[in-house]
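Both counts, for ligands and for their atoms, begin at 1 and track the order of listing.
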Amino acid sequence: MNALTLPDIAAQASRQALPLEWVGMCGIALPVLFDGQRLNAKADAGVSLDDGNVRGIHMSRLYLALELLEQESLSPALLRRVLQRFLESHEGLSSSAHLTIHTDVLLKRPALISPLAGWKSYPVSIEARLKNAMFHVELKIELPYSSTCPCSAALSRQLIQQQFVDDFANKSLQHADVLAWLGSTNGIVATPHSQRSSALLCVRLADFLDDLPLIAIINDAEAALGTAVQTAVKRADEQAFALANGQNLMFCEDAARRLNLALKRSTGINAFHIRVIHAESLHAHDAVAESRFNWEVA
Ligand SMILES: Nc1nc2c(ncn2[C@@H]2O[C@H](COP(=O)(O)OP(=O)(O)OP(=O)(O)O)[C@@H](O)[C@H]2O)c(=O)[nH]1
């Protein structure tokens, strides 16, 4: 029997001569190394198909180039090498290469007071592009935090004042009575609403960076927001968290401005886009604010 040649449909001429901006695969499972950890990731890998007469790209060549990511910790230089392989394996077909890695960075966070600690997971996407020797990396980071409404806090304080007037009208003020009143439910007759909130940071990195500043950005952003969500919590930690929130009242506009200033202070960031979402407990809808720096809008 004659050996059969495997049909190669991708090598056929395209019926419609039309170049394509992005062709590849999305959601490829692979492990990546970052900060001494092996992380479960999904990759989107693609190239442009510049020759509109060619029917298809070579998916397997992109897939195989991803092997580099298993051996070395994620860095701009490593991403660039993978993209170069994409282009070298598609010579004459493609001039731009794209790679996005979706993963979760796991960071151990101490409790506010007790000696406990726990893990927090931050969804991140690392997006790299190479075109005509121009190489760009963008990071997308999702950051959960807690926010308490300043307006609701002021309205609650007013109700507490009214309750005080009602309860102590025509009475001489005794220290012990006031102290007991403050510890009663009347002393906190209204509570401000607070919410689990999230910030989506999209950051375009400068070219000179040796490392991906993911952890530095997360730490700077959490410090700017002030009330990060917690991991292991005992009552002492919960009390400290209540105090921190009471001293850190913020609208979504406040959060967006703080993050803007924090990212501008960071080195190695050329441009950014911030979106903060306060998942209000007051409404069934969210309060949202956005801020940009050097970020052109399409
Ligand atoms: N281009 C393209 N390939 C696809 C698609 N869906 C599945 N494939 C398959 O992906 C497989 C790998 O493609 P190639 O990299 O061209 O495989 P190959 O021809 O054996 O490898 P090379 O010799 O390196 O070109 C082929 O079997 C394709 O049929 C698609 O939508 N587009």
Would Glu253 and Arg258 satisfy salt bridge (charged side-chain N to carboxylate O under 4.0 Å, His left out), going step by step from the backbone distance to the final call?
CA-CA 9 Å; Glu253 294 93 325; Arg258 287 193 206 179; over 6 Å; no

Glu70/Arg38 salt bridge by N-O under 4.0 Å criterion:
no

Does any N or O of ligand 1 fall below 3.5 Å from an N or O anywhere on Ile57, backbone included?
yes

Under 4.0 Å from a heavy atom of His58: give me the atoms of ligand 1 that qualify, with their elements.
14 (P), 15 (O), 16 (O), 25 (O)

Got a protein heavy atom sitting under 4.0 Å from atom 6 (N) of ligand 1?
no

Tell me whether atom 20 (O) of ligand 1 lies less than 4.0 Å from at least one protein heavy-atom position.
no

Which atoms from ligand 1 have a heavy atom of Ser60 less than 4.0 Å away?
12 (C), 14 (P), 15 (O), 17 (O), 21 (O)

So, for atom 2 (C) of ligand 1, does the protein have a heavy atom nearer than 4.0 Å?
yes

Ring centers of His278, Tyr145 separated by less than 6.0 Å
yes

Specify the protein heavy atom at minimum distance from atom 24 (O) of ligand 1: its residue, its atom name, and the distance to 0.1 Å.
Arg61 NE, 2.7 Å

Heavy atoms from other residues, nucleotides or ligands near CG of Asn40 exceed 12 (cutoff 6.0 Å):
no

In one Ile/Leu/Val/Met/Phe/Trp/Tyr side-chain cluster, 4.5 Å: Val32, Leu68:
yes

Have Glu290 and His273 got a donor and an acceptor in their side chains that come within less than 3.5 Å?
yes

In the complex you have, is atom 15 (O) of ligand 1 within reach of the protein, judged by whether a heavy-atom distance drops under 4.0 Å?
yes

When distances are taken from atom 11 (C) of ligand 1, the protein heavy atom at minimum range is Met59 CB, 4.9 Å

Hey, is Glu88 close enough to Arg61 for a salt bridge, meaning N to O under 4.0 Å?
no

